[in-house]
Amino acid sequence: EVIVTPAPSGEVLHPRKGVAMSPQPLDSMAAPSDFQGDRRGLFADWLASPTNPYFDRAIVNRVWKNFFGRGLIDPEDDLRASNPASDEVLMNWLVNDFRAHRRDIRHLIRTIMSSACYSRSSEPIPGNEHDFKFLSHYVPRRLPAEVLLDAISRVTEVPEAYPGYPAGWRSLQLPDAQVANSFLSSFGRPERLSTCSCERSAEPSISQALSLANGGTVNEKLKKDHGVVGRLVREKASDSQIVGTLFLSALGREPSESERKTFGQVLSEARATVGTDPEKAQIFREAIEDLYWSTLTSREFLFNH
């Protein structure tokens, strides 16, 4: 653990002139030579000042990248005159609206998520298949590591356990990357060793495939008696109820007729195998687990479309 505190006195001298330099934020006025306050306050005041041309654009751009996978300015931390936004009119409108609403992040998120841009289909049409810049269609992207693990925990009804944190604590609530978790590491959780957002990776890997195929995260959650599979078995849910619960919780939609038929056939065959033999009851439970596993490892679940 490293504790950083402001020094009560002392100066950093200019390396060539050997004299103390007055604190001066970028493109701003220098502080008075007799300034005695916390100099971090000067920096914070400049950072959020209405006269700072970078602050609002940076916030808007980063929030935009969070939802689209790419900022209007790319890379998202490269704000300069020679790297304009892909849609400067849209960027200026968002910045002005952000300022008009007193820099309300919730309002900005609501504006973006209710926009026509965000609601566009991920299915490309002839001519825009390779467009990743001008918002002609939504570009599917894999869920971030923390979101994916939280989603799996929610669907299976088995929260992930983190040592030292309350039961039901979500991955998104973890304050840093010091909490060891092999699933989060495999799916690109950043180590936070630098301030670059490039630390987070969305690239596929063998460890991800192995984690989903036979790792403990998905499979162990499905085997828990207090999880969703155990609950459906105890409640003696019908095949239709099992399939409907799975699709609504995992994919947020009703199953199609072909999906309902295919999944229902798997369950009906398992029921027929079990029959009235209680020693074979595990076969039906494993069939439910297999259906959940196949859905939780599908592209529709793993990717935001």
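Values below: every heavy atom of this structure, side chains too, minus hydrogens, waters and symmetry copies.
A side-chain donor-acceptor contact under 3.5 Å links Arg141 to the backbone of Phe67. Remark: side-chain polar atoms of Ser153 are paired, donor with acceptor, to backbone N or O of Leu149 under 3.5 angstrom. The closest donor-acceptor contact from the side chain of Arg285 to the backbone of Lys223 lies under 3.5 Å. At least one donor-acceptor pair closer than 3.5 Å links the side chain of Ser115 to the backbone N or O of Ile112. Put simply, the side chain of Glu129 never gets that close to the backbone of Pro124: no donor and acceptor are under 3.5 Å apart. Between the side chain of His101 and the backbone N or O of Asp104 there is no donor-acceptor pair closer than 3.5 Å. At least one donor-acceptor pair closer than 3.5 Å links the side chain of Ser268 to the backbone N or O of Gln265. Panel note: side chain Asp150, backbone Ser171; a donor-acceptor pair is recorded below 3.5 Å. The backbone N or O of Val243 sits nowhere less than 3.5 Å from a side-chain atom of Arg260 that would complete a donor-acceptor pair.
Salt-bridge formation is not detected for the pair Glu286/Lys280: no Lys NZ or Arg NE/NH1/NH2 atom is positioned less than 4.0 Å from an Asp or Glu carboxylate oxygen.
Phe303 and Tyr118 fall into different hydrophobic clusters, defined by Ile, Leu, Val, Met, Phe, Trp and Tyr side-chain heavy atoms under 4.5 Å apart, directly or through other members.
Residues Arg170 and Glu146 have side chains not in contact (no heavy-atom distance under 4.5 Å, counting atoms from C-beta outward). Within the 4.5 Å cutoff, side-chain heavy atoms of Val147 are placed close to those of Leu172. Within the 4.5 Å cutoff, side-chain heavy atoms of Leu148 are placed close to those of Phe301. When side chains are defined from C-beta on, Leu267 counts as touching Phe284, because their heavy atoms get closer than 4.5 Å.
Atoms CG and CG, on Leu296 and Leu212 in that order, are 9.0 Å from each other to the nearest 0.5 Å. Summarising the geometry, atom CG belonging to Asn61 is positioned 14.0 Å from atom OH belonging to Tyr54; distances are rounded to the nearest 0.5 Å. Residue Arg62 holds its CZ atom at 13.5 Å from CG of Leu108, rounded to the nearest 0.5 Å. Interatomic distance, Leu210 CG to Ser186 OG, rounded to the nearest 0.5 Å: 8.5 Å. Atom CG of Asn128 is separated from atom NE2 of His137 by 5.5 Å, given to the nearest 0.5 angstrom. Residue Leu143 holds its CG atom at 10.0 Å from CZ of Phe187, rounded to the nearest 0.5 Å.
Shown here is Ile206, whose CD1 atom has no more than 12 heavy atoms of other residues, nucleotides or ligands within 6.0 Å. Atom CD of Glu257 is surrounded by 12 or fewer heavy atoms from other residues, nucleotides or ligands within 6.0 Å. The environment of Gln24 atom CD is dense: over 12 non-hydrogen atoms of other residues, nucleotides or ligands sit within 6.0 angstrom. Other residues, nucleotides and ligands place more than 12 heavy atoms under 6.0 Å from the CD atom of Glu235. Around CZ of Arg106, the count of heavy atoms belonging to other residues, nucleotides or ligands within 6.0 Å does not exceed 12. A 6.0 Å sphere centred on CZ of Arg154 holds no more than 12 heavy atoms belonging to other residues, nucleotides or ligands.
Aromatic ring orientation, Trp64 versus Phe68: parallel (interplanar angle below 30°, classes split at 30° and 60°).
If you check the side chains of Ser240 and Ser238, you find no donor sitting under 3.5 Å from an acceptor.
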